[in-house]
2 protein chains.
Amino acid sequence: MEPRLDTQTGYLLVKLGALAGARFDGVLAPLGLRGRHVRVIEEMRGASHSQQELCQATGLDRTTMVAVLDDLEQRGYARRSRSTADRRKHVVTLTGAGERAFKEAARALADAQEAFLAPLSAGERDQLRDLVERLRTTTG
Amino acid sequence: MEPRLDTQTGYLLVKLGALAGARFDGVLAPLGLRGRHVRVIEEMRGASHSQQELCQATGLDRTTMVAVLDDLEQRGYARRSRSTADRRKHVVTLTGAGERAFKEAARALADAQEAFLAPLSAGERDQLRDLVERLRTTTG
DNA sequence: TATTGTTATACTCTATAACTATA
DNA sequence: TATAGTTATAGAGTATAACAATA
């Protein structure tokens, strides 16, 4: 007899990932953000990028990027301006408010992660991180 | 400076879970099944159930269950019949073809999991399974 | 002709609610 | 009136393709 699917590592990984994702979404929601916004902002920090470059860095497609930047611009977290070098491109820059929003989001996410991993000891968390990272870089 | 989000355990867990889910979906697709179908079939094995009971066992809601059972019935993997005890209920039973399809799917999933976890040693897989399981039962 | 950003369209999912047939 | 199953509808999410402006 086959072992129950829901006792297997693969299934557990899928479920745990979904659970973690929901937690993180829930933490960002009160800030009016979603994961993708945070990832895009993180990418913008320190330097300006074209939308194209942001797409490559984050893996979002360009139509999604338009919507994300619309959101960020509307909240005053980012600004778009035409590139003088290539007028097809938009130079996207992070505002001070955007930087502050990122810090707040990063803190909230770190707290949520801390709570999520709380059942494990420090050593076990390191183990988990190592195993997961290796799977992701090797398998994925 | 904050550490990159994509180097953190929580983020890695979310991504790895999504990756594993995509793999498993990909393995089931050629069989014309999705995860939910397999979970429902697994629940039906050995005993008959009402749709309601299948919903409780799998966490699917009843409108989704209708679609899943439509699929399974169309493929000849399941049959619905009126309960004589309570004619509102459908007694759902697994067919021989359904049982065979389940075995095939379970094997394909086991192979996919094996490949997915291949970068880890047997001991590390046990570790991973233990850590993930504990997180899921404690945190989730 | 190709590229950047944008908009429009269509498709999938899901969640809700309305409907039927029984109880 | 409540329950089991079904169907219909609407909303969000995503992916594709068409479009405008530059190059």
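Proteins get letters first, then strands, A, B, ... in listed order; numbering begins at 1 in each.
C:dA17 atom P lies 12 Å from atom CG of B:D61, rounded to whole Å. Between the C1' atom of C:dA2 and the CZ atom of A:R62 lies a distance of 11 Å, rounded to the nearest Å. The distance between atom CG of B:D86 and atom C1' of C:dA21, rounded to the nearest whole Å, is 11 Å. Atom CE of A:M65 and atom P of C:dT6 are 11 Å apart (whole Å). The CG-C1' distance, from B:D70 to D:dT7, rounds to 11 Å in whole Å. Between the NZ atom of B:K89 and the C1' atom of C:dA23 there is a distance of 11 Å, rounded to whole Å. Spacing between atom CZ of B:R80 and atom C1' of D:dA4 amounts to 12 Å, rounded to whole angstrom units.
For C:dT22, one of the phosphate oxygens OP1 or OP2 lies less than 4.0 angstrom from a side-chain nitrogen or oxygen of B:R87. For the pair B:R34 and C:dC13, the criterion of a side-chain N or O lying under 4.0 Å from OP1 or OP2 is met.
Within residues 35-56 of chain B, the residues approaching DNA chain D are B:S50, B:Q51, B:Q52, by heavy-atom distance under 4.0 Å.
Here the side chain of A:E43 pairs no donor or acceptor atom with the backbone of A:T58 at under 3.5 angstrom.
In this model, no donor atom of one side chain and acceptor atom of the other lie less than 3.5 Å apart for B:R129 and A:Q8.
Ranking C:dT6, D:dA4, D:dG5 by closeness to the B:R88 side chain, first place goes to D:dA4. Closest contact between the side chain of A:H90 and the listed nucleotides C:dA21, C:dT4, C:dT6 involves C:dT6.
Considering only residues two or more places apart in sequence or on other chains, A:V38 meets the side-chain contact (heavy atoms from CB on, under 4.5 Å) condition with A:L28, A:L33, A:F102, A:A105, A:L109, B:L5.
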